[in-house]
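Predicted model only: the values in this text are computed from it and were never measured. Indexing begins at 1, ligand by ligand and atom by atom, following the structure's order.
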Amino acid sequence: MRKNIVAGNWKMNNDLKATKKLVKQIKKTLKKDKLKNTRVIVAPTFVNLTAAVKRSKKSKIEVAAQNMHQAANGAFTGEISAEMLRSAGVKTVILGHSERRAYFGETDALLAEKVNTALANNIEVIFCFGEELADRKAGKEEAVVGGQIKNALFHLEADAFNKIVLAYEPVWAIGTGETASPEQAQDMHSFIRKNLADQYGNDVAENVSILYGGSVKPANAQEIFSKPDVDGGLIGGASLKAEDFCAIINAF
Ligand code: 13P
């Protein structure tokens, strides 16, 4: 059965001290008894991963990286490899975030390579995708999202999807305060699940968690998460405050 997941993407926020403090606060605030089928993930910046891993031990909190290089190692100044993440105790990586695509030129083809490298190193992937406002205005949101998934993931074998979480993040809803309506999220998630079913069969489609991301906050989480094909959220701004992040988790 697929799991509910709430993941906090901290982006380029929180220094070492703030990282330690936030992990500690989340640990304290989480209501363990309510979390049976829910995973909680936080994604600090690279330099603070080790500290976050250390401080989240013996808790429900898992630690993910926000990015990773596709090569095993070598002359790639400033980059971080899958093996480095593993050795830091990180078992999950976010790939394909719209900010990586927009500001760092990450393409579907590059992301396909990164996905392969992560999986080859036994690192779970939270794969992000989503249409821009112009796409939605032109009625092209399904074509765009369908293409992003197909181009980066559909070369994989079915069993690879045991290690993949999908995150639908419409670009127009990220950091804007504008959220997709629960119906818009459900429609897209159901479309994504249908694509998976067409390509890999119902078993795979039913077992992959599909998260929604884009201005999720305590006030709207419950309604979004109540939709049948929404298995949780990828949270930006609201994941930086323990109280808000935990309220979103408790929305399940
Ligand atoms: P916000 O929740 O700040 O809109 O960010 C969403 C996001 O980009 C998570 O990856």
Let me check something: any side-chain donor-acceptor pairs from residues 126-133 under 3.5 Å, sequence neighbours excluded? List them with distances.
residue : atom : partner : partner atom : Å
Glu131  : OE1  : Tyr168  : OH           : 2.8
Glu131  : OE2  : Arg136  : NE           : 2.7
Glu131  : OE2  : Arg136  : NH2          : 3.3
Glu131  : OE2  : Tyr168  : OH           : 3.0
Glu131  : OE2  : Trp172  : NE1          : 2.9

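The closest side-chain donor-acceptor pair between Asn48 and Thr19 falls under 3.5 angstrom. Side-chain polar atoms of Thr179 and Asn220 form a donor-acceptor pair below 3.5 angstrom.
Listed by chain and number, the residues in a salt bridge (Lys or Arg N to Asp or Glu O under 4.0 Å) with Arg55 amount to none (sequence neighbours excluded). Considering only residues two or more places apart in sequence or on other chains, Lys163 meets the salt bridge (Lys or Arg N to Asp or Glu O under 4.0 Å) condition with none of them.
More than 12 heavy atoms of other residues, nucleotides or ligands sit less than 6.0 Å from atom CD of Gln186.
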Ligand 1 N/O to protein N/O, distances under 3.5 Å:
residue  : atom   : partner : partner atom : Å
ligand 1 : 2 (O)  : Ser215  : N            : 3.4
ligand 1 : 2 (O)  : Gly236  : N            : 2.9
ligand 1 : 3 (O)  : Gly237  : N            : 2.8
ligand 1 : 4 (O)  : Gly175  : N            : 2.6
ligand 1 : 4 (O)  : Ser215  : N            : 2.8
ligand 1 : 5 (O)  : Lys11   : NZ           : 3.4
ligand 1 : 8 (O)  : Lys11   : NZ           : 2.8
ligand 1 : 8 (O)  : His97   : NE2          : 2.8
ligand 1 : 10 (O) : Asn9    : ND2          : 3.0
ligand 1 : 10 (O) : His97   : NE2          : 2.9
ligand 1 : 10 (O) : Glu169  : OE1          : 3.2
ligand 1 : 10 (O) : Glu169  : OE2          : 2.9

